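The shown structure was predicted, so the numbers you read here are calculated from the model rather than taken from an experiment.
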Amino acid sequence: MDPIKYFTFSMIISISGIRGILLNRRNIPIMSMPIESMLLAMNSNFLVFSISSDDMMGQSFASLVPTVAAAESAIGLAIFVITFRVRGTIAVESINSIQG
C-alpha cells in the first residue's frame with residue numbers, strides 16, 4: 001500500500017474545503033458543507049495512518065468523527081432555524097450585525 005497517494009487525495013479534499021469556505025460567504029448552510037468535506041479528509045488520514053502503522057487507534061478515531069459531524073450538523077441546523085425565525089434570512093451579511 002502506498003500511503004502517499006491517499007495523503008495526496010486527502011490533502012486535495014482539505015484544500016478544496018478551505019477554498020469552499022473562503023469563496024462562498026453568502027449562505028451559511030452552504031458554508032458548512034466544506035467543513036464536512038474537511039472532516040472527511042481528516043477521517044481518511046486517520047484510516048491511512050492506522051493501516052500503515054498497523055494500529056487500531058486511527059480506526060477508532062475514524063469511527064468517532066461521524067458522530068461529532070452529526071452533532072455539529074444538528075446544532076448548526078438548530079442555530080440556522082432560530083436565526084431564520086428571528087431575522088427572516090440566513091445570509092452572512094445580516095448575521096455579521098449581531099451584537100452581544
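- Looking at every heavy atom in both residues, S37 comes nearest to G17 through OG-CA, 3.7 Å.
- When side chains are defined from C-beta on, I51 does not count as touching P3, because their heavy atoms never get closer than 4.5 Å.
- Using a 4.5 Å cut-off on side-chain heavy atoms (C-beta onward), M11 and N45 make no contact.
- Between F49 and F7, the distance separating the two ring centers is shorter than 6.0 angstrom.
- Contact check for I13 versus M38: no side-chain heavy atoms found under the 4.5 Å cut-off.
- Between I35 and the options I18, L40, I21, a side-chain contact (heavy atoms from CB on, under 4.5 Å) holds for only I21.
- Shown here is F80, whose CZ atom has more than 12 heavy atoms of other residues, nucleotides or ligands within 6.0 Å.
- When only modelled atom types and interatomic distance are considered, S50 and D55 share no side-chain donor-acceptor pair under 3.5 Å.
- With rounding to the nearest 0.5 angstrom, the CZ atom of F61 is 10.0 Å from the CE atom of M42.
- Counting heavy atoms from C-beta outward, S73 and E36 have side chains that approach closer than 4.5 Å.
- Residues P34 and I30 come closest through the heavy atom pair CD-O, 3.1 Å.
- Here the OH-OG distance, from Y6 to S52, works out to 11.5 Å after rounding to the nearest 0.5 Å.
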From CA spacing to verdict: side chain to side chain contact (heavy atoms under 4.5 Å, CB included), E72, L39: CA-CA 11 Å; E72 170 199 359; L39 283 173; 3.5 Å; yes
